[in-house]
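Everything below concerns the one structure shown next.
Positions are given from 1, in the same order as the sequence printed here.
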Amino acid sequence: LWEKLRHWPVETPLLRRLAWPGQHTLAIYLVHQPVLIGLVFALDASYLEVASVSSARRFAKLQRLGGGGGGIRSSGTRKMGRFRFRPPEPPWWGGVGPNFWRQMTGALGDPGRLAGVVLMLASMPIVMLIVIPKADAAKAESISYVCMGMIAWLSIILSFLMPYDFRGDIDLMEELKVLPIRSDRLALGQLLTPTLLATAAQAIAMGVVIAGFGRFDLVSGSFLAFLLPVNFLFYAVENLLFLWFPSRVVAGSFDVMAVGRQVLFMFAKGIGLAVGGGLAAGIGLAVYFLLGHHATVAVVAAWIVMVGVALATLPVVGLAFNRFDVSRDVPA
């Protein structure tokens, strides 16, 4: 193409005067350079104003979602509303207490969300109590076990309604980085609030099951006893995945990649719970057969193992927090 342009015949009288014999490059240059410069100026557009308007609109949407409860909100954007109850200040506990108090204060400032979680967990037992008559003892026993499974499953699904941990502090990670607290103690302070709130909501739902069906046996008692360590392990895995693969959850928008991410995270959390629960169950069964089929002793042994597995995740979450790079990993 360049060879053709070099030998392009100059037919314009003005350009013929500018070109000397055997040299048409100057004429071609004087033609196409002004044309290209004109196209550049014609196609140029001021994108800064459009980009700023779009960014302001997106930021306002995130602020509305944060203030109205549409998605996961950071601690810096939570609004207390009319409910002004504040929990008493706990001891220092090596830095665990203030962080736990901060998260619990933000959680209690949103009573509607907490009431919604309790209502959704207790809805299944209430429906079962209405449908199944109390006189049918066989059905009452089996349905009570079904309600336990539903409470556990709904708790996993509704975990996004308890963002009072690292997930809700995505915009405060820089401040958390400079706190004079060890990373494992900071992780403990972050995990206590969702663990206790989820345990309380599940215990209320389980109380409905026990009171409604009139059954409190070893299975029901074990279910209540394992709520605290299992929830702690669950939210530890949840925060660990978040620190490794941080993202914002925005309600009101459908994203195939976000749905796929949540599905993968669900499998990962299920694997983490299966590993911890399987280890506790295996040791509990071993104790059961070795000590002469004492079910209560086996349950206590399994509970101790479950507590140990849950607490063992604290250094891992703390290490993930230490490796979290605020300049790189905070999502836009």
Transitive ILVMFWY side-chain link [X] to [Y], under 4.5 Å:
{"X": "Leu285", "Y": "Ile304", "result": "no"}
{"X": "Ile204", "Y": "Leu121", "result": "no"}
{"X": "Leu243", "Y": "Leu319", "result": "no"}
{"X": "Met162", "Y": "Phe160", "result": "yes"}
{"X": "Val127", "Y": "Val118", "result": "no"}

Locate the shortest heavy-atom distance separating [X] from [Y]; write the atom from each residue and the value.
{"X": "Ala302", "Y": "Gly284", "answer": "CB-CA, 4.1 Å"}
{"X": "Ser183", "Y": "Phe321", "answer": "CB-CD2, 4.4 Å"}
{"X": "Val317", "Y": "Ala187", "answer": "CG1-CB, 3.8 Å"}
{"X": "Val209", "Y": "Ser144", "answer": "CG1-CB, 4.0 Å"}
{"X": "Leu241", "Y": "Ala268", "answer": "CD1-CB, 3.8 Å"}
{"X": "Cys147", "Y": "Pro125", "answer": "SG-CA, 3.9 Å"}

Report yes if some heavy atom in the side chain of [X] is under 4.5 Å from a heavy atom in the side chain of [Y]; otherwise report no.
{"X": "Leu108", "Y": "Pro87", "answer": "yes"}
{"X": "Val299", "Y": "Phe226", "answer": "yes"}
{"X": "Trp93", "Y": "Leu188", "answer": "no"}
{"X": "Val237", "Y": "Leu273", "answer": "no"}
{"X": "Met120", "Y": "Leu161", "answer": "yes"}
{"X": "Ile126", "Y": "Val208", "answer": "yes"}
{"X": "Leu224", "Y": "Gln202", "answer": "no"}
{"X": "Phe166", "Y": "Glu238", "answer": "no"}

Problem - Exercise: do Asp165 and Gln103 side chains pair donor with acceptor under 3.5 Å - result: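 The criterion, which ignores hydrogens and geometry beyond distance, is not satisfied for Gln103 and Asp165.
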Handout entry: Distance-only polar pair, side chains of Thr199 and Asn231, donor-acceptor under 3.5 Å
Key = yes
Problem - Donor-acceptor under 3.5 Å (Trp303 side chain, Ala225 main chain) - result: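 Here the side-chain-to-backbone pair exists.
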Exercise for the section: Look only at the side chain of Arg182 and the backbone of Gly318, and say whether a donor-acceptor pair between them is shorter than 3.5 Å. Expected result: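 Checked: no pair found.
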Practice task
With side-chain hydrogen bond (donor to acceptor under 3.5 Å, both in side chains) as the test, would you mind laying out the steps for Asp169 and Gln190 before giving the verdict?
Solution key: CA-CA 9 Å; Asp169 284 343; Gln190 293 282 62; 3.0 Å; yes
Supply the atom-to-atom distance [X] [atom1] to [Y] [atom2], rounded to the nearest 0.5 angstrom.
{"X": "Leu192", "Y": "Phe100", "atom1": "CG", "atom2": "CZ", "answer": "6.0 Å"}
{"X": "Ser123", "Y": "Leu154", "atom1": "OG", "atom2": "CG", "answer": "6.5 Å"}
{"X": "Met306", "Y": "Leu311", "atom1": "CE", "atom2": "CG", "answer": "11.0 Å"}
{"X": "Leu227", "Y": "Ile151", "atom1": "CG", "atom2": "CD1", "answer": "8.5 Å"}
{"X": "Phe289", "Y": "His294", "atom1": "CZ", "atom2": "NE2", "answer": "13.5 Å"}
{"X": "Asn239", "Y": "Ser159", "atom1": "CG", "atom2": "OG", "answer": "10.0 Å"}

Practice task
With sequence neighbours excluded, give me every ring pair (Phe, Tyr, Trp, His ring centres under 6.0 Å) pair touching residues 171-205.
Solution key: none
Problem - CA sep, side-chain torsions, deciding dist, call: Phe232, Val307, side-chain contact (heavy atoms from CB on, under 4.5 Å) - result: CA-CA 9 Å; Phe232 192 92; Val307 171; over 6 Å; no
Practice task
Show the numbers, then the answer: is there a side-chain contact (heavy atoms from CB on, under 4.5 Å) between Thr313 and Leu240?
Solution key: CA-CA 9 Å; Thr313 59; Leu240 183 62; over 6 Å; no
Practice task
Kindly say whether the aromatic ring centers of His293 and Tyr288 come within a distance under 6.0 Å.
Solution key: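 Between His293 and Tyr288, the centre distance is under 6.0 Å.
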Problem - Cation over ring face, Lys269 and Tyr235, 6.0 Å, 45° - result: no
Handout entry: Full working for side-chain contact (heavy atoms from CB on, under 4.5 Å) between Leu158 and Trp153
Key = CA-CA 9 Å; Leu158 298 177; Trp153 176 246; over 6 Å; no
Exercise for the section: Under the side-chain contact (heavy atoms from CB on, under 4.5 Å) rule, what do Met104 and Leu197 come out as? Steps first, then yes or no, please. Expected result: CA-CA 9 Å; Met104 185 60 72; Leu197 292 177; 4.1 Å; yes
